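Comments concern the structure below.
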Amino acid sequence: MRMSRMFGRTLREMPGDAETPSHALLLRGGYIDQLMSGVYSFLPLGQRVKLKVEQVIREEMDRAGAQEVHLPALQPIELWEQTGRKAQMGDVLFQLSDRRERGMALGPTHEEVITRLFKDHAFSYRDLPVTLYQIQTKFRDEARPRGGLVRVREFTMKDAYSFDADDDGLDASYAAMFEAYRRIFARCGVPTLPVEADSGAIGGKGSQEFIFPTETGEDTVVFCNRCTYAANTEKAAFVRPAAIVSAPAAIEEVETPGVTSITALATFLGIEAKQTAKAVFYMATLKGQRSGVPVFAVVRGDLEVNEIKLANALGGAELRPMVDAEVAEYGLVAGYASPIGVLAPVRVIADTSVAESPNLVAGANRAGWHLRNVNHDRDWQAEVVADIATAQVGHRCAQCEQGTLGSTRGIEMGHVFRLQYVYTTSMDVSVQDAQGTQLKPTMGCYGIGVERIIAAAAEVHRDDAGLAWPASIAPYDVHMVGIGLDRDEAARADADALYDALHEAGLEVIFDDRDERPGVKFNDADLIGVPLRLTVSSRNHAAGIVELKVRDGGEASSVARAEAVAAVVAHRQTLLDSLTTEAAEIAARQFGSDQG
RNA sequence: CGGGGCGUAGCUCAGCCUGGCAGAGCGCUGCGUUUGGGACGCAGAGGCCCGCAGUUCGAAUCUGCGCGCCCCGACCA
């Protein structure tokens, strides 16, 4: 590509709406353009990067034995009603109707469609196992798009779906995808940490997320400093700090005027936060139901309620905090709520910490008063005692029981799920087994956000001057910068010859042949971030050399003109080879240990 | 959906408080000088000042109602 002909230009100033450095550089470099909130166009440079990322994914999916398909984005709404996910996804699902008023949705994901496709074309256990994948545009009406390409409403996702005869087969398919993901992220130069994750609204049991660690991330993950345990805090298990042991004592009321927070309560009474019980009220809409039920959640004062875990403890539910009117309606006193004497229909759910800790201070359900020596089982009983608290930095690891948990923010780059029979049940899918009886296949699904890989790669591979793409996903392999060629016909002819020779060697080349000053060209080259830069000039031509510079490396070096093509080919290969180890090294630096 | 901020040239922004010619820098077009890390001169093009309704002799500016975009929270297969 001759830059004089390339559509899109670099911006000298930072665009106003850019939040993260990577977002700003993608906008400044002329890679992307925002059309509306959460919707982006890809200019030629951006489209090339996107295609490169997709190609890496495609190669690794194919290597893992998956087969590519193309699925409709436009889908009948009945499919979503059948699995119950129309209600479950709610406003996130983009809905529309055709001229005959038939209801449709723009696919936010494709479990329903792929399961239907499988049902229509697989009839025998001999058709198993099979893994199908697609790299396509998906649509979600997100409540709040954010972070440039991180959370958008129209995006490209690779989704793979596996079908197996039994759960051992599923484990094998899952493992193959897991390994493919490790290779994909490594090849794209994006460090990721695999963590245990909540399965969320998609259903199924057992899932892992690949988290790209960054302070601007939406997720918080914890990881052990001694063993391999790492988990999203939505899911993370932990050992609760030991309770202060004492024999159960008699309940007594204590006046606590104006003391409505745990911190204030502990200070006022001269006790530790873990000697108190904390109550939080929610309205929960349970799975398959319309109206909400009131929920009284209790955790020990030193812990926080984890709404995801709480929702799971309720068997799947949408939660929102109670409003004041509801608090009053159910006879609760904010700041002084007591688990003793909570009346139906309020459901009381307690964290295990509360059941294990004797003589806690809890509210008296009367403004200005608390109760000392409240004991679970003796004084009150929760309907469910479960893990509903959030793991925090400093907590003990539940896996090795030795290490301490640290935490980091991060962005979810990919997610692998064991769906099992969720969709084959709701969509009534079966094939015949060897005995001639019906066999229900077990499923897995495996997603990767393409734009998120681009954003993460840009976030990691950049400096003050601009982007510095990994060779695997750079828009071009080499950036030729022509200097002073307008005044030197021979040098220009030689530059053109080199441009052609690089192409013949199979390289993708961008050639800055514009009538610009050298500084502009060098700065644009740094901003655009192609991994290798070749400077061709009148001066270099006279000396029989070109200058080769690695974008993410040191100084430019002189290479004999005759060796130029070979040098570029060799450097490029070195860069590609280094990628598989680079991500692992960055991850190791970030977490102090290789997370397996 | 709550809270906050912002909509003026392609981009970054002044102007608004205190109503009276629509501006700057960058970018863009032409000519000339320049040419190894974002040059300079001259001459230009480019605007429904987000929209609608008010107030006023007069509105980018004041008021109301919308719409859009960004941030925090809620939400997030």
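Naming: A, B, ... by sequence-line order, numbering from 1 per chain. Since this is a predicted model, take the numbers as computed values, not measurements.
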Does Lys50(A) qualify as a cation-pi partner of Phe42(A), given the criterion of NZ or CZ under 6.0 Å from the six-membered ring centre and within 45 degrees of its axis? yes
Same-atom distance (C1') from G32(B) to C50(B), integer angstrom: 41 Å
Gln88(A) has an atom CD; how far is it from atom P of C76(B), in whole Å? 10 Å
Do you know which two heavy atoms are closest between Pro129(A) and Asp164(A), and how far apart they sit? CB-OD1, 3.0 Å
Mind checking the C1' distance from G19(B) to A59(B)? Whole angstroms is fine. 6 Å
Give me the distance, rounded to whole Å, that separates G41(B) from U34(B) when you measure between the C1' atoms they each carry. 11 Å
Using a 4.0 Å heavy-atom cut-off, does Asn540(A) contact any base of the nucleic acid, only the sugar-phosphate backbone, or nothing at all? base
Does the structure show a Watson-Crick or G-U wobble partner for G25(B), both distances under 3.5 Å? Name it, or say none. C11(B)
Can you measure Asp524(A) atom CG to G38(B) atom P for me and round it to whole angstrom units? 12 Å
Nearest-angstrom distance, P atom, G7(B) to C13(B): 9 Å
Given U12(B), C28(B), G38(B), which nucleotide is nearest the side-chain atoms of Pro15(A)? U12(B)
Return a single string for nucleotides 69-74 of chain B, one symbol per nucleotide in 5' to 3' order, where B is base contact, S is sugar-phosphate-only contact and - is none, cutoff 4.0 angstrom on heavy atoms. SSBBBB
Does A59(B) have a Watson-Crick or wobble mate here (both distances under 3.5 Å), and if so which one? none
Crowding at CZ, Arg116(A) (>12 non-hydrogen neighbours, <6.0 Å): no
What's touching nucleotides 30-34 of chain B from the protein side, N or O pairs under 3.5 Å?
from, atom 1, to, atom 2, distance (Å)
U34(B), O2, Arg517(A), NH1, 2.7

Minimum-distance nucleotide to Arg12(A) side chain [options: G27(B), G36(B), C76(B)]: G27(B)
Nucleotide of G37(B), U12(B), C28(B) approaching Pro518(A) most closely (side-chain heavy atoms): G37(B)
Give a yes or no answer on whether the side chain of His110(A) reaches the backbone of Pro72(A) with a donor-acceptor pair at less than 3.5 Å. yes
Could you please spell out the steps behind the ring-ring contact (aromatic ring centres under 6.0 Å, His included) verdict for Phe210(A) and Phe178(A)? CA-CA 9 Å; Phe210(A) 287 79; Phe178(A) 188 91; 5.1 Å; yes
What I want to check is whether an N or O donor and acceptor connect the side chain of Arg28(A) with the base of G38(B) at under 3.5 Å. yes
On RNA chain B, does the nearest nucleotide to Lys158(A) precede the nearest nucleotide to Ser537(A) from the 5' side, or the other way round? Give the residue. Ser537(A)
So Asp486(A), base contact, sugar-phosphate only, or nothing? Heavy-atom distance under 4.0 Å. nothing
Pairing partner of C6(B) (Watson-Crick or G-U wobble, both distances under 3.5 Å): G68(B)
Of the candidate nucleotides G38(B), C28(B), G36(B), which contains the atom at the shortest distance from the side chain of Arg539(A)? G36(B)
U8(B) to A22(B) separation - C1' atoms, rounded to the nearest Å: 8 Å
Rounding to an integer number of angstrom, what distance separates C52(B) and G30(B) when you compare their C1' atoms? 42 Å
Between Asn306(A) and Thr233(A), what is the shortest heavy-atom contact and its length? ND2-O, 2.7 Å
Nearest to side-chain heavy atoms of Val520(A), which nucleotide of C76(B), G38(B), G27(B): G38(B)
How far does the C1' atom of A60(B) sit from the matching atom of C40(B), given to the nearest Å? 34 Å
Out of C76(B), G38(B), C28(B), minimum distance to the side chain of Glu142(A) belongs to C76(B)
Integer-rounded Å distance: G37(B) C1' and His479(A) NE2: 13 Å
With distance as the sole criterion, is a donor-acceptor pair present between the side chains of Lys158(A) and Tyr181(A) under 3.5 Å? yes
Presence of donor-acceptor pair under 3.5 Å, side chain of Glu547(A) and base of G36(B): yes
Any donor-acceptor N or O pair under 3.5 Å, side chains Gln75(A), Trp80(A): yes
Nearest-nucleotide wise, let me know which of Lys549(A) and Asp219(A) is further upstream toward the 5' end of RNA chain B. Lys549(A)
Protein within reach of the bases, or only the backbone? For nucleotides 40-48 of chain B, mark each nucleotide 5' to 3' as B, S or -, using heavy atoms under 4.0 Å. ---------
Asp463(A) CG to G37(B) C1', straight-line distance once rounded to whole Å: 14 Å
Is it the case that G25(B) (base atoms only) and Glu13(A) (side chain only) share a donor and an acceptor within less than 3.5 Å, ignoring hydrogens and angles? yes
Ignoring hydrogens and geometry beyond distance, is a side-chain donor-acceptor pair present between Lys549(A) and Thr535(A) at under 3.5 Å? no
Under 4.0 Å, counting only non-hydrogen atoms across every strand here, what does Leu11(A) touch: a base, just sugar-phosphate, or nothing? nothing
Side-chain donor/acceptor of Arg533(A) to base of G37(B), under 3.5 Å: yes
Face-on cation placement of Arg452(A) at Phe155(A) ring, 6.0 Å and 45° thresholds: no
Taking CD from Glu412(A) and C1' from C76(B), how many angstroms apart are they, rounded to a whole number? 9 Å
Watson-Crick/G-U partner (both atom distances under 3.5 Å) of C42(B): G30(B)
Distance check, rounded to the nearest 0.5 Å: Leu45(A) atom CG versus Leu467(A) atom CG? 10.0 Å
For Asp526(A) and G37(B), what is the distance between atoms CG and C1' respectively, to the nearest whole Å? 8 Å
May I ask you to check whether over 12 heavy atoms, not counting those of His541(A), lie within 6.0 Å of atom NE2? yes
Euclidean distance, His479(A) NE2 relative to Asp524(A) CG, rounded to 0.5 Å: 7.5 Å
Under 4.0 Å between a Lys/Arg side-chain N and an Asp/Glu carboxylate O for Asp488(A) and Arg539(A)? no
Base paired to G73(B) (Watson-Crick or G-U; both N/O distances under 3.5 angstrom): C1(B)
Tell me whether the count of non-hydrogen atoms from other residues, nucleotides or ligands lying under 6.0 Å of CG in Asp91(A) goes above 12. no
Nearest whole angstrom, please: distance from the P of G27(B) to the CZ of Arg514(A). 12 Å
Take the protein atom CG of Asn523(A) and the nucleotide atom P of G27(B), then report the distance between them rounded to whole Å. 13 Å
Inter-nucleotide C1' distance (A45(B), C31(B)), Å rounded: 15 Å
